[in-house]
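Notes to accompany the following structure.
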Amino acid sequence: KSPMIFIFIACLANIALDYLFIGALHLGPAGAALSTSLSQAISVAISLAVIVRRRTMPLAKADLRPQKPVMDAILKIGVPISVQDGFIQISFIVITVIANRRGLTDAAAVGIVEKIISFLFLVPSSMLSTVSALGAQNIGAGKPERACATLGYAILITAGFGAVIVLLMQFFAEPVVALFTDASQTDGLEVIRLGGQYLRGYVWDCLFAGIHFSFSGYFCACGRSGLSFLHNILAITLVRIPGVYYTSTHFADTLYPMGLATAAGSLLSVLICVIAYLIITRRERAACTGR
């Protein structure tokens, strides 16, 4: 619960500092950037103070000295994940560039839907962290079957959540998009129409991403973060970006195919993850039986 509390404090600080820097001091965008940076600094300071006060994780100078075995283990898992996240963000930038070339209305619709999807992805993203943490604990305790069970439950939760969201967005896509624009204006109505189309297609990513996020957490727990990197890069380069570009140029009157193309990348990730998981479990069983 502690990280949630620290982030909550950072959010409150961010809001308060926004009112101070943007409202009272009229610093504009610079004030927004400053409030965000300072709120994160406040969160870090409070979390460090809590760690020192509780003494749950005593720190000494020796702990801050780099140790090659520890650094190697961290970088082995961390580098693929960081590069993967970097490529994912680049792919979103490319998709935004493609949408911007379709015109201001299309770009506005895509931008609104991206924010909605980011909010919906909180559940799949949290499951990635959950599976990674619980899976690593159980594997370290010599109970790999419990790590597999954790993966299974996470997939059930994320797939169930995704299915419900997909169903709801097929009926309520336009009202959700309308929250972010003015429906009384002609341009606003067009943004709502296009955004509803894009959201109906893109929302399938919430279902597929929840599944491959859970697998990614399991792979990281097993020390195989390279698999997470592999399926994401293949999905981006083979499906997501080419699919969005193709649908953008061949379906000028609708954004629905663009949304489906984005979700199709996650579907490829799911297929790769399932195949990789089956291979890994088969090898582990063979090793246990001596075959």
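We use all heavy atoms of the structure for the numbers below, so side chains are in, but hydrogens, waters and symmetry mates are not. Note that this is a predicted model, so its numbers are computed, not measured.
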Does [atom1] in [X] sit with more than 12 non-hydrogen atoms of other residues, nucleotides or ligands closer than 6.0 Å?
{"X": "Y277", "atom1": "OH", "value": "yes"}
{"X": "F87", "atom1": "CZ", "value": "no"}
{"X": "F161", "atom1": "CZ", "value": "yes"}
{"X": "E145", "atom1": "CD", "value": "yes"}
{"X": "R102", "atom1": "CZ", "value": "yes"}

Check the hydrophobic clustering (I, L, V, M, F, W, Y; side-chain heavy atoms under 4.5 Å; chains of links allowed) and say if [X] and [Y] are grouped together.
{"X": "M127", "Y": "I117", "answer": "no"}
{"X": "L168", "Y": "F171", "answer": "yes"}
{"X": "L227", "Y": "I272", "answer": "no"}
{"X": "F6", "Y": "V44", "answer": "no"}
{"X": "F119", "Y": "F172", "answer": "yes"}

Qualifying residue, where the test is side chain to side chain contact (heavy atoms under 4.5 Å, CB included) with F208 and the options are L271, T158, L267, L268: L267
[atom1] of [X] to [atom2] of [Y]: how many Å apart, nearest 0.5 Å?
{"X": "S129", "Y": "F213", "atom1": "OG", "atom2": "CZ", "value": "10.0 Å"}
{"X": "D106", "Y": "Y198", "atom1": "CG", "atom2": "OH", "value": "11.0 Å"}
{"X": "I7", "Y": "L12", "atom1": "CD1", "atom2": "CG", "value": "12.0 Å"}
{"X": "I233", "Y": "S228", "atom1": "CD1", "atom2": "OG", "value": "9.5 Å"}
{"X": "D85", "Y": "N232", "atom1": "CG", "atom2": "CG", "value": "8.0 Å"}
{"X": "L120", "Y": "K115", "atom1": "CG", "atom2": "NZ", "value": "13.5 Å"}

Counting distance only, does the side-chain N/O of [X] pair as donor-acceptor with the main-chain N or O of [Y] below 3.5 Å?
{"X": "S214", "Y": "L151", "value": "no"}
{"X": "S125", "Y": "L122", "value": "no"}
{"X": "Q170", "Y": "V166", "value": "yes"}
{"X": "S132", "Y": "L128", "value": "no"}
{"X": "S82", "Y": "V79", "value": "yes"}

Steps toward side-chain contact (heavy atoms from CB on, under 4.5 Å) verdict (I95, R240): CA-CA 9 Å; I95 292 172; R240 186 165 295 159; 3.9 Å; yes
Answer yes or no: is there a side-chain heavy-atom contact under 4.5 Å between [X] and [Y]?
{"X": "S43", "Y": "I9", "answer": "no"}
{"X": "I81", "Y": "C220", "answer": "yes"}
{"X": "F219", "Y": "H212", "answer": "no"}
{"X": "L34", "Y": "L17", "answer": "no"}
{"X": "T247", "Y": "L260", "answer": "no"}
{"X": "F215", "Y": "V274", "answer": "yes"}
{"X": "R200", "Y": "E174", "answer": "yes"}

Taking all heavy atoms of [X] and all of [Y], pick out the closest pair and write down the distance.
{"X": "G265", "Y": "A235", "result": "O-CB, 3.1 Å"}
{"X": "N14", "Y": "S35", "result": "OD1-OG, 3.3 Å"}
{"X": "Q197", "Y": "L255", "result": "OE1-N, 3.1 Å"}
{"X": "P144", "Y": "I139", "result": "CA-CG1, 4.5 Å"}
{"X": "N100", "Y": "A107", "result": "OD1-CB, 2.9 Å"}
{"X": "P257", "Y": "T254", "result": "CD-CG2, 3.6 Å"}

Pairing of K76 and D72 as salt bridge, 4.0 angstrom limit: no
Derivation of the side-chain contact (heavy atoms from CB on, under 4.5 Å) call for V176 and I116: CA-CA 8 Å; V176 172; I116 296 171; 3.6 Å; yes
Residues W204, S266; criterion side-chain contact (heavy atoms from CB on, under 4.5 Å); working and verdict: CA-CA 9 Å; W204 286 93; S266 289; over 6 Å; no
Criterion side-chain contact (heavy atoms from CB on, under 4.5 Å) on S225 and Q84, from CA distance to verdict: CA-CA 10 Å; S225 60; Q84 160 198 311; over 6 Å; no
Pair T262-D205, side-chain donor/acceptor within less than 3.5 Å: no
